[in-house]
Amino acid sequence: MPDKNEAFDVNNIYKEEDRLSKPDYLDTLNEPQRQAVVYGNGPLMIIAGAGSGKTRVLTYRIAHLIENGVDPFRILSLTFTNKASGEMRKRIEGAVGTEARNIWMGTFHSVFAKILRIEARYLGYTSDFSIYDTDDSKSLLRSIIKEYNLDDKVYKANVVYNRISGAKNRLVSADDYINNAVIQADDEAAKMKEIGRIYKTYVTRCFQANAMDFDDLLFNTNVLFRDFPDVLYKYQHKFQHVMVDEFQDTNVSQYLITRKLSAVNRNIVVVGDDAQSIYAFRGANIENILNFEKDFPDVHTIKLEQNYRSTSTIVNAANSVIARNKSQLKKETFTVNEEGSMIDVIKAGSDNEEGRLVATAIFEEKMQKSLKNENFAILYRTNAQSRSFEEALRKLGIKYRIIGGQSFYQRKEIKDLLGYLRFTVNQRDEEAFKRIINLPKRGIGDTTVARITVTAAENNVPIWEVVSNIANYATGRTITQIDQFGTLIKSFMLMLDAGKDAFEVSAHIAKTSGLLRELYEDKTVEGLSRYENVQELLNAIKEFVDSEENEDKTLSAFLQSVSLLTNADEPDENEDNDRVTMMTIHSAKGLEFRNVFIVGLEEDLFPSQMMLESRQDLEEERRLFYVAITRAEQKLSFSYAESRYQWGRLKMCEPSRFLLEVDAKYLNISQSFQREISREGSSSSPMSFVKNLSPRRPTEPRPATAASAHTPTSDFVPSDTHELAEGDKVEHSKFGFGTVVKMDVNGTDRKATVKFDKVGDKTLLLSFAKLRIVK
DNA sequence: CTTGATTATCTTTTT
DNA sequence: GATAATCAAG
């Protein structure tokens with residue numbers, strides 16, 4: 001063992017011989033933290049308040065285990081996001097060296113996908129199984145609903161998907177679902193008694209397609225461990241230590257897996273904070289914490305209550321909010337950090353102004369305190385809110401990054417290429433097939449596709465069987481088209497058989513399929529960026545193949561890894577990381593920033609109207625607010641807009657009730673402002689709406705456009721984007737959203753889609769889009 | 001049958 | 001505002 005006093009060389013931090021010579025990290029911990037790190041065998045529950053050094057404790061604990069001779073291969077560490085697991089792996093690697101790579105660490109979904117891939121044959125799957133994302137699942141459900149001739153106005157794919165997903169997360173199989181009187185009564189009441197039948201068919205179709213959806217990854221792991229004790233035995237003994245981060249967000253399905261896995265060694269550590277439980281909508285169950293105490297009566301509990309992250313203003317403000325929740329475990333979070341500055345409240349007239357004000361605030365704060373872009377984060381409730389901030393930041397030349405939302409891997413062109421890759425690996429993948437069969441256009445339409453899928457289902461053969469022997473099933477022109485497609489795929493499959501790696505195959509497919517060429521020939525701005533995106537995907541595949549961490553370089557391995565990367569892990573843009581981060585509060589969990597802006601604090605937006613309607617759970621929304629507040633280290637700002645465009649309409653907004661729930665003594669606002677944002681003071685009459693939009697509003701001077709100068713203002717109040725020229729006349733045929741109107745522009749007839757809204761007796765013209773000449 | 005154009009629909013959060 | 005579903009024309 002190396003001498004403890006040996007000089008610590010930061011440059012050699014990864015060298016194994018240094019790992020025990022570092023300053024004794026146990027000294028840097030407070031007492032409960034230290035206990036959590038060194039606690040020996042047996043079940044342990046750590047209740048960790050926000051900013052209490054939870055990640056540090058987990059990291060050190062794993063490092064501690066390894067230093068005490070536990071084989072990294074025998075540690076299982078489960079997190080919720082790829083980001084969190086990547087971060088933790090990096091930090092452990094910093095402490096114990098490259099051994100850290102051998103730890104079984106990742107999200108529930110990725111770890112169990114890996115196990116399912118190894119054990120696929122037990123369940124009748126092949127290890128090349130596809131993973132259906134939400135779009136695939138919904139599309140399949142739509143097909144089934146159509147095939148059953150059910151009314152798709154009643155059976156909405158979204159609703160059906162959520163019902164099925166909820167069932168799977170409670171480990172209710174299709175048969176259980178159909179035989180459960182309570183569920184059936186529920187469905188009957190909702191006039192959707194066929195959901196059980198749809199569920200059953202859906203499961204069958206997924207199985208036939210050799211595909212699992214997100215929930216199946218957990219559901220099938222449970223089935224695997226239930227029905228094949230040998231397999232369970234293997235993993236129970238393999239994993240000596242099991243750790244679960246964000247335990248408050250696990251659902252029953254996830255909890256049962258971890259409980260089973262740790263039943264033999266009983267070394268299970270769960271870390272969580274009930275105040276930060278924000279995934280109940282996905283089946284997360286706070287009761288798991290109570291169940292845990294029941295299932296492991298000898299559990300030792302440690303509370304981490306000191307916040308090291310934030311100023312006392314921020315910690316106290318957060319506490320003043322969460323204290324309003326009735327259901328919570330007893331826990332006192334406190335800090336000895338300095339008081340820090342008060343919380344700013346920014347009031348804006350519109351969502352665009354909100355963007356400008358926040359961007360300006362960032363700009364000024366950056367200058368005054370000489371901060372970096374990366375010190376700032378903008379957090380919002382819904383992804384759609386990012387737009388106004390993007391525009392404003394761009395105008396000020398501040399670089400930003402958006403996490404989540406329309407992720408890279410959700411883009412059409414990316415999913416198209418992935419569709420080809422998926423189908424090449426797994427010819428039973430029905431959704432991939434539907435996506436690529438007529439792409440690029442080969443003259444194969446919906447009718448032909450439907451015929452093929454129906455034929456396949458009727459004869460109970462895989463789709464590929466029909467495609468590759470199309471002559472037996474069809475006649476005429478379509479034969480040649482389908483045949484060509486089949487030959488193309490076969491040539492791709494041959495490359496796989498020849499042992500080519502993921503990159504070689506993908507690059508070949510991108511070229512040969514004609515996808516790249518089609519995008520290349522598209523010279524529009526969007527076309528260019530699509531082309532670049534595909535190139536970027538190919539780069540990502542190249543990186544995957546070149547990375548030393550990946551032993552399996554097959555296309556199939558790449559697809560497995562990529563289908564579980566959703567929101568965070570875009571392929572590395574340039575290494576320029578000094579960017580303002582924008583994301584939803586959900587994706588911000590576990591992160592921290594010096595300055596945080598919580599934006600869109602308006603009633604019905606945050607707290608979300610939907611949440612209040614569907615689940616009547618204000619407390620979960622409040623916990624979300626708590627999570628958002630506690631992301632901030634030094635400085636926190638709130639903002640809200642008095643009006644906001646929402647799917648084409650302008651909506652009047654009231655300040656969120658959450659604003660008022662923050663103890664006023666932490667807010668940097670005058671009393672009159674405080675009165676103004678309180679419910680009683682705000683007016684929701686239509687007239688205040690008009691006032692907000694009028695150019696006379698002093699707070700938001702609108703840039704004068706040609707349109708605003710020349711549109712008949714008595715009837716129309718223009719929005720900021722217009723493409724009308726001098727002398728334009730506008731005539732509306734009827735009111736309402738997305739109406740088509742005729743216009744006379746300089747003597748030419750034009751057609752345009754415009755948006756109207758009626759407020760009181762006034763008709764407001766909200767925006768013009770797609771202005772073009774008609775004949 | 002396929003294609004392009006128009007219209008309807010949906011917007012909470014994530015793996 | 002974006003995308004899926006539907007419609008009308010080739």
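Note on naming: letters A, B, ... go to the chains in the order of the sequence lines (proteins, then strands), and numbering restarts at 1 for each one.
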- Using only side-chain N and O atoms of A:Ser587, determine if any of them is under 4.0 Å from OP1 or OP2 of B:dT14. yes

- Message: Does B:dT14 have OP1 or OP2 under 4.0 Å away from a side-chain N or O of A:Asn383?
- Response: yes

- Identify, between A:Glu621 and A:His109, the residue whose nearest nucleotide on DNA chain B lies closer to the 5' end. A:Glu621

- Message: Please compare A:Met611 and A:Phe108 by the position of their nearest nucleotide in DNA chain B and report the one closer to 5'.
- Response: A:Met611

Whole angstroms only, please: what is the [atom1]-[atom2] distance between [X] and [N]?
X        : N      : atom1 : atom2 : result
A:Phe80  : B:dT15 : CZ    : P     : 10 Å
A:Arg282 : B:dT15 : CZ    : P     : 7 Å
A:Asp604 : B:dT13 : CG    : C1'   : 16 Å
A:Arg381 : B:dT13 : CZ    : P     : 7 Å
A:Lys138 : C:dA5  : NZ    : P     : 12 Å
A:Leu612 : B:dT13 : CG    : C1'   : 14 Å
A:Asn438 : B:dT3  : CG    : P     : 5 Å
A:Leu218 : B:dT15 : CG    : P     : 13 Å

- Taking the side chain as every heavy atom from C-beta outward, state whether A:Tyr132 and A:Asp429 have any atom pair closer than 4.5 Å. yes

- Task: Would you mind telling me which of A:Ser165, A:Ser253, A:Ser137 makes a side-chain hydrogen bond (donor to acceptor under 3.5 Å, both in side chains) with A:Asp215?
- Result: A:Ser165

- Task: Can you figure out which of C:dA5, B:dT15, B:dT14 approaches the side chain of A:Thr584 most closely?
- Result: B:dT14

- Query: Which nucleotide in the set B:dT14, C:dA5, B:dT15 lies at the smallest distance from any side-chain heavy atom of A:Phe214?
  - Reply: B:dT15

- Going by an N to O cut-off under 4.0 Å, is there a salt bridge joining A:Glu390 and A:Arg387? no

Using a heavy-atom cut-off of under 4.0 Å over every strand shown, decide if [X] touches base, sugar-phosphate, or nothing.
X        : result
A:Lys156 : sugar-phosphate
A:Thr134 : base
A:Asn158 : sugar-phosphate

- Task: Could you tell me whether the side-chain ring of A:Phe281 sits stacked on the base of B:dT13, using a centroid cut-off under 5.5 Å and a plane angle under 30°?
- Result: yes

- Item | Any side-chain donor near an acceptor of the partner, A:Tyr161 and A:Asp213, under 3.5 Å | no

- Given the rule in the side chain to side chain donor-acceptor pair (under 3.5 Å) test, do A:Ser556 and A:Arg117 qualify, once you have shown the distances and angles that lead to the verdict? CA-CA 10 Å; A:Ser556 155; A:Arg117 197 163 134 81; 2.7 Å; yes

